[in-house]
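Working notes, beginning with the structure itself.
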Amino acid sequence: MSKKTTGKTAAKGAAKGTAKSVSKASAKKASAVVKAAKKAVTKKDDFGGLSEDILLRMHDLMVKSRVLEERLIKIYKAGEAYFWIGGPGEEAWGVPLGMLGRKGQGLEHDWWHLHYRCTPTLIAMGMTMIDSIRLIMNRSTDPSTGGRNFANHYCFPKWNVAPVTSPIEVQYPLACGTAHAQKRAGGKAISIVTGGDAGTAEGDFASALILASRKGQELPVLITVQNNKMGISTPFEGQHGETHIADRARAFNIRSRVINGNDPVETYLAVKEEMEYIRKTGKPSFIEAHTTRLYGHSSADGANKKTHMVDPVMAFEQRLLDAGILSEKAVKKIWEIYESEGVIAQEQARTEPVPTSESVWDHVFVNNENADWRNF
Amino acid sequence: MASIAQAIRMALHYGETNMGVKDIFGQDVGAPLGGVFTATQGLKTAWNSPLDERGIIGMAMGIAMGGDKCVAEIQFADYIFNTIDLLKIAGNTLWCTNGQMNLPMVVMTPVGAGIFGSVYHSHSFDAWASRLPGWKIVMPSNPVDAYGLMLAAIQDPNPVLYLKSKALMRHKGDELIPGEPADEKELKAMIDKPVQNAEGWKPRWPDLQEYIVPIGKGKITREGEHITVVTYSRMVHLCDEAADKLREEGISVEVIDLRSIYPYDWQMIKSSIEKTGRVLFVNEDTEVTNFGEHLAYRATQEMFYQLMARPRVLAGKNLPGIGLHPNLEKNSVPQLHDIELAIREVVAEVP
Ligand SMILES: Cc1ncc(C[n+]2csc(CCOP(=O)(O)OP(=O)(O)O)c2C)c(N)n1
């Protein structure tokens, strides 16, 4: 199990991403011979052996997620939403994760305990742009919260997506609860939990490591941390003494690894392997993924693009261009399609109803009995 | 007659056998101990959690989210405080998801003073609990209600807090739980783990029946004409005692055992006050921002012109803790004579 914990640092991973920019000429050449792409792939960059179909799907979903999140920022900045928080910069982590889980409702399917940077995962699972836009614009048509909660506080019971909550890290022990129920149900379903690096200081993180790893009672849960090296403004070094967060899992005999979450190929392979391990053994596994926080923490700190950081979408796109798997033309088209989908979705959401004042009393209890004490 | 601890055990057995409860868990809840108050002895789904209150509540929420029924225990309510935000989330999940995700879970925990448990084994939680919207909160005062409210809690699709008085855990009532053998010794032989040579022991459960005490329905334990006393849990017995004593002096006291903190039986309180014109609210949580204050406020708002005296709240003193020495505890939470005195005062008040 110790084999799995790599010593790779974020800086190394990140550097790898940026160093990969290849000359324009070779990109052009590659796009000219799209048909020969497969050969070029094996020669220059074998993408971990992933099929072109997977690579193109990942790219497509990453772009879609990015365009959506940038649309959400625009909506916020235009004053059509009160708050923005999201996951641009985490697409290379979130998209493969969403592609790999077993989606559905009930204990035979995977459970998702995600945090507020999880748009890429939900896009990969099939969430439409407009449903995210309805949420940030607090429409009553918002399928997650009916206009009651912040941006990216998703909830999709049809896919076992637990409600995203604002208190940092509480989702971790909940994932142990669903994993416990899944294990009892006897299938191969697992629970997946995501969260940030600063949040690992909360006791709930330790709770999850303990609950997931008790001898003979191990739980099928994929515990993950997206290490973007920042709390809101507290850098990694400001709160961490450990070298890798993943090392903390090792102390609980949880198999763990550190990956470059800015590389969708590395992520895809790692997540796939860990999910298979969990399904096979019924035991937990831990992934620390190094990612980029491309637009800062949230609208609270401006939500402006950080141009000096690795942009995993652009880096992957360039790699595909270089390998001749994508053409410039195709790329342009993909961005345009999603850009227009976002605009249309925003226009549509604008026309949709907002929650009524009286609806504050709805869903206090199941069947809404006893919601208002004045009526007892 | 069963004790409250036995009643809870029997209710949980009924729950896991007939109502789909799949996990009963918490610190020392499983074998060999079966709970520090023995309320979970011999149960087939009971298991020991790590010593981690937040882990217990989080796990319970996850189990409930997955669609399984569970009853989680916090060993003493005194240690539930570090889970407040999780309780808050459990209470708001249905609302935040616009009705899409309910958490059908029960959290039970021993509360209150009366066992000389000192600073960290005497906390009350009812007033705190009443500020957790989305939860139903029950507090039984006798074994039959303890049984019936537990079944109601298990049946309820919402999160339910089941607050059990530490001091009442060994209390025996005067009514049999449906299915309970009439002979106390027989019950003991059937369901109490032997103190010695307990290895391999298995309970023989009586043929228990479904018996539900609806959440939100109070019970009049003493009928009276001169004053209404609204209380719950341990204080019911002190209020009943005060009522019996004062009756001899010609003061007729109506005692309401609220049984549920939320939702609460306002109609019962209201019609009683309409009859007596006077009301005293008694509980042992601290007095500043007390649940009784909410009831007193409501009584004042809705019944001002029917009242013959100012509504009063008799509660625990606003102290940081309850000291171990009996002099300290007894001067911190209401005692029989305090209740008597308060009743006399309200009854003596001339409008
Ligand atoms: C329990 C709790 N404390 C404080 C906050 C305020 N808060 C919101 S996000 C955040 C930082 C989270 O950092 P990290 O866990 O690294 O995740 P990131 O946002 O970087 O993805 C804080 C302190 C909160 N939401 N919850």
Side-chain angles (χ1 to χ4, degrees), chain A residues 105-107 111 113 140 142-149 153 155-158 160 162-167 170-182 184-185 191 202-204 206-208 210-211 214 217 355 359-371 373-376, chain B residues 22-23 25 47-68 70 72 82 85-86 88-105 133-136 156-159 215-216 262-267 269-270 294 298 301-302:
Chain A
Q105 189 163 20
L107 293 176
W111 263 92
H113 300 269
S140 58
D142 147 35
S144 292
T145 83
R148 291 176 170 204
N149 215 337
H153 282 48
C155 170
F156 293 101
K158 63 180 174 182
N160 282 349
V164 172
T165 55
S166 293
V170 298
Q171 65 272 27
Y172 282 75
L174 265 73
C176 295
T178 50
H180 171 83
Q182 285 167 320
R184 173 165 46 217
S191 289
E202 298 278 2
D204 304 78
S207 289
I210 287 168
L211 286 167
R214 294 185 305 147
Q217 302 171 68
S359 71
V360 287
W361 292 112
D362 293 349
H363 311 302
V364 175
F365 293 110
V366 174
N367 302 326
N368 221 36
E369 25 135 13
N370 303 310
W373 56 270
R374 291 163 192 85
N375 302 327
F376 286 176
Chain B
K22 292 197 176 162
D23 292 283
F25 68 105
W47 55 272
N48 289 338
S49 74
L51 208 168
D52 174 9
E53 289 77 19
R54 290 182 67 86
I56 292 166
I57 300 295
M59 189 94 180
M61 290 167 69
I63 292 170
M65 236 173 223
D68 283 351
C70 66
N82 69 351
D85 67 320
L86 290 168
K88 194 174 150 196
I89 295 167
N92 74 26
T93 295
L94 183 74
W95 194 91
C96 286
T97 62
N98 209 22
Q100 297 187 82
M101 210 170 261
N102 60 319
L103 297 182
M105 58 193 264
W135 282 85
K136 295 188 180 176
D156 203 283
N158 298 286
I215 298 177
Y262 208 92
Y264 57 86
D265 198 341
W266 179 247
Q267 293 310 321
I269 298 171
K270 193 174 164 195
H294 163 69
R298 189 167 182 186
Q301 290 300 304
E302 294 185 22

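The structure displayed is predicted, hence computed values, not measured ones. Here is how names work: the chains are called A, B, and so on, in the same order as the sequence lines, proteins then strands, and each is numbered from 1.
Under the 3.5 Å distance criterion, with hydrogens and angles disregarded, a donor-acceptor pair is assigned to the side chains of B/Asp23 and A/His180.
Within the 4.5 angstrom heavy-atom criterion, only side-chain atoms of A/His113, from C-beta onward, approach chain B. Contacts between A/Asn149 and chain B at a heavy-atom distance below 4.5 Å involve the side chain alone, from C-beta outward. For A/Gln171, no part sits under 4.5 Å from any heavy atom of chain B, backbone or side chain. Interface residue A/Trp111: only side-chain heavy atoms are found under 4.5 Å from chain B. Contact annotation for A/Ser144: only backbone heavy atoms (N, CA, C, O) come within less than 4.5 Å of a heavy atom of chain B. Only the side chain of A/Pro167 comes within contact range of chain B, judged by heavy atoms closer than 4.5 Å. Neither the backbone nor the side chain of A/Pro355 comes within less than 4.5 Å of any heavy atom in chain B.
Distance alone, capped at 3.5 Å, is enough to place a donor-acceptor pair between the A/Asp142 side chain and the A/Gly147 backbone.
Look at B/Arg54 and B/Asp85 and you find a salt bridge, because one of the NZ, NE, NH1 or NH2 atoms lies within 4.0 Å of a carboxylate O, short of that distance.
The distance from atom CH2 of B/Trp95 to atom CZ of A/Phe365, rounded to the nearest 0.5 Å, is 14.0 Å. Here CG of B/Leu86 is found 11.5 Å from CD1 of B/Ile56. Values are rounded to the nearest 0.5 Å.
Using bins of under 30°, 30° to 60° and over 60° for the plane-to-plane angle, the ring pair B/Trp47/B/Phe25 lands in the parallel bin.
Your options are A/Ala371, A/Ala179, A/Cys176, and the one with the most heavy-atom pairs under 4.5 Å with chain B is A/Cys176. Of the listed residues A/Gln105, A/Arg374, A/Arg184, the one with more heavy-atom pairs under 4.5 angstrom with chain B than any other is A/Arg184.
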